[in-house]
Amino acid sequence: MTTTGAPRLGLAVNAAQFTLLVVVNALVGGVLGSERTVLPLLADREFGLGAYTAGLTYILAFGVSKAATNFFAGTLSDRYGRKPVLLAGWAVAIPIPAMLIWAPNWGWIVAANVLLGINQGLAWSTTVIMKIDLAGPHRRGLAMGLNEAAGYIAVAATAMATGALAAQYGLRPVPFLLTAAYIALGLGLSAVFVRETRGHARHEAATHTAGPHSGQLSTGQVFALASWREPALSSASQAGMVNNLNDGLAWGLFPILFATAGLSLTQIGALAALYPAVWGLGQLATGPASDRYGRKPFIVAGMLAQAAALALIALADGFAAWAGAAVLLGAGTAAVYPTLLASISDVAHPAWRARAVGVYRLWRDGGFAAGALLAGIVADLAGIRAAIWVVAALTAASGMLAWARMYETHPRLSKDSNTS
């Protein structure tokens, strides 16, 4: 803060609070990662859900609840402040470990994932918004790279850890004790040390240079811009949705594919971790690189790389080949994930940026639900590999659509393009 009390924008002047939010988001990601190895196997081995569509109901429940919560997270954080929404997200997560540990039937697992979706929608969305508030207009790619890297490195590390714990102690209860620890630590840090950042957004709005969209927009107008009317915002929304559609496929069906090929729990955990590990670490490079070279090249190339990786997974049959494809899938996702968030922040006015992020994340995380339904139905009809091929084709089409419709959004690069 300055001596006059006015908020200051930038990563350096807000380093302590920004770093704390990175840690908090890592804990949010860890809660999500605790399910990625164990739940698909739990569905198959303990609850005997033979149909892929039935087994993927927990991802469907997660995707629907998270998508809807994302939308409200942006609106609520504008109305009531960021910190109360973050605390609400952690509070909702408290029952999740107990529900997963003692679930007597699959309905409990589905209900726990409804709560998980609300937790992720409120807590992850809010840490994104708070970091954008603090970072200011020039280093958003770096800010989002750090945010998403922390979250998905934690997803990867926890997926591997829970795979190892499950191999030694069983699928329940030990792996989910780690979930409980993450929730307790995240809630404590958020309650005691995290500070409100809405004032930073208001300060930026007061000094914002006029752009193509005014600061006085209703939530309905913001929804329309981010969903179909504004080329860059809506292109980001569709690419984000397809990105998470293929992530839902990876979460729900890859462990089963690997298990039917005879891989051990430890190998399955390693593969489940490898993809988000590359995804997480790669964002440390792609986020800041998009600040230098622009958002659009990373979005288009990342979607096409994901499509190629999915095709390789459908063709492969063995740990080494799947590991290579997982690395490519993670690299493609790393190119896309922080860049899409940065592009939304580039275009949206600070006065409605939180709502625009909420609408984008509504569509993006709706991809989990769409992926669970599509992958489950196709897998039941034609097998897991056929489902992977269908999603690979959709991912390639999404990349081509972004190439055709999206414009460069980085403030400096788009200005240079317009004046050249």
Side-chain angles (χ1 to χ4, degrees), residues 28-73 88-125 155 158-159 162 166 170-180 182-183 241 244-257 259 272 361-362 364-380 384 387:
V28 179
V31 174
L32 177 61
S34 65
E35 290 196 356
R36 289 186 79 100
T37 300
V38 177
L39 279 199
L41 302 175
L42 203 62
D44 183 48
R45 298 182 183 183
E46 290 200 16
F47 293 99
L49 296 179
Y52 296 120
T53 308
L56 292 175
T57 49
Y58 72 96
I59 299 179
L60 175 62
F62 169 81
V64 170
S65 62
K66 186 183 179 190
T69 306
N70 283 331
F71 176 74
F72 291 109
W90 281 119
V92 167
I94 292 171
I96 293 172
M99 294 175 72
L100 295 174
I101 289 169
W102 288 300
N105 56 59
W106 191 245
W108 280 55
I109 303 293
V110 173
N113 274 268
V114 171
L115 295 181
L116 179 65
I118 297 171
N119 156 256
Q120 298 286 303
L122 293 176
W124 200 311
S125 289
V155 169
T158 309
T162 52
L171 296 175
R172 295 192 287 180
V174 172
F176 299 117
L177 298 179
L178 191 58
T179 316
Y182 285 152
I183 292 167
M241 183 174 189
N244 276 17
L245 187 150
N246 64 54
D247 187 41
L249 167 81
W251 179 5
L253 292 186
F254 284 6
I256 299 174
L257 174 65
R361 288 172 63 85
L362 163 71
R364 193 195 70 185
D365 291 321
F368 282 119
L373 279 176
L374 178 64
I377 291 169
V378 176
D380 279 332
I384 292 179

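By convention here, the first residue in the shown sequence is residue 1.
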Over all heavy atoms of both residues, which pair between [X] and [Y] is shortest? Give the atoms and the distance, please.
X: Ala370; Y: Leu245; answer: CB-CD1, 4.0 Å
X: Pro40; Y: Gly252; answer: CB-O, 3.9 Å
X: Ala67; Y: Gly366; answer: CB-N, 3.5 Å
X: Gly121; Y: Ala73; answer: O-CB, 3.7 Å
X: Ser34; Y: Thr179; answer: OG-OG1, 2.9 Å
X: Ala250; Y: Pro255; answer: O-CD, 3.4 Å

Nearest 0.5 Å please: distance from the [atom1] atom of [X] over to the [atom2] atom of [Y].
X: Leu373; Y: Ile59; atom1: CG; atom2: CD1; value: 10.5 Å
X: Asn246; Y: Phe368; atom1: CG; atom2: CZ; value: 9.5 Å
X: Leu374; Y: Leu60; atom1: CG; atom2: CG; value: 12.0 Å
X: Leu362; Y: Lys66; atom1: CG; atom2: NZ; value: 11.5 Å

Test item: Thr37 side-chain N/O and Ala159 main-chain N/O as donor-acceptor pair under 3.5 Å: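 Yes, the answer is positive, given that a donor and an acceptor are paired below the 3.5 Å cut-off.
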
Main-chain N/O of Phe62 paired to Ser65 side chain as donor or acceptor, under 3.5 Å: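 Here the side-chain-to-backbone pair exists.
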
Using a 3.5 Å cut-off and no angle test, enumerate the donor-acceptor pairs between side-chain atoms of residues 91-113 and protein atoms at least two apart in sequence or in another chain.
from: Asn105; atom 1: OD1; to: Gly107; atom 2: N; distance (Å): 3.1
from: Asn105; atom 1: OD1; to: Trp108; atom 2: N; distance (Å): 3.4
from: Trp106; atom 1: NE1; to: Thr57; atom 2: OG1; distance (Å): 2.7
from: Asn113; atom 1: ND2; to: Glu35; atom 2: OE2; distance (Å): 3.4
from: Asn113; atom 1: ND2; to: Ile109; atom 2: O; distance (Å): 2.9

SB check Asp247 Arg36 (cutoff 4.0 Å):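 Arg36 and Asp247: salt-bridged.
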
side-chain hydrogen bond (donor to acceptor under 3.5 Å, both in side chains) involving Tyr58 - partner list, sequence neighbours excluded: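 Applying side-chain hydrogen bond (donor to acceptor under 3.5 Å, both in side chains) to Tyr58 gives none.
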
Ser125: partners by side-chain hydrogen bond (donor to acceptor under 3.5 Å, both in side chains), with sequence neighbours left out: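 If we apply the side-chain hydrogen bond (donor to acceptor under 3.5 Å, both in side chains) test to Ser125, skipping adjacent residues, the hits are Asn70, Arg361.
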
Between [X] and [Y], is any pair of side-chain heavy atoms under 4.5 Å apart?
X: Thr69; Y: Trp124; value: no
X: Trp90; Y: Asn119; value: yes
X: Leu56; Y: Leu253; value: yes

Derivation of the side-chain contact (heavy atoms from CB on, under 4.5 Å) call for Asp365 and Phe71: CA-CA 10 Å; Asp365 291 321; Phe71 176 74; over 6 Å; no

Step-by-step side-chain contact (heavy atoms from CB on, under 4.5 Å) determination, Leu32 to Trp251: CA-CA 11 Å; Leu32 177 61; Trp251 179 5; 3.7 Å; yes

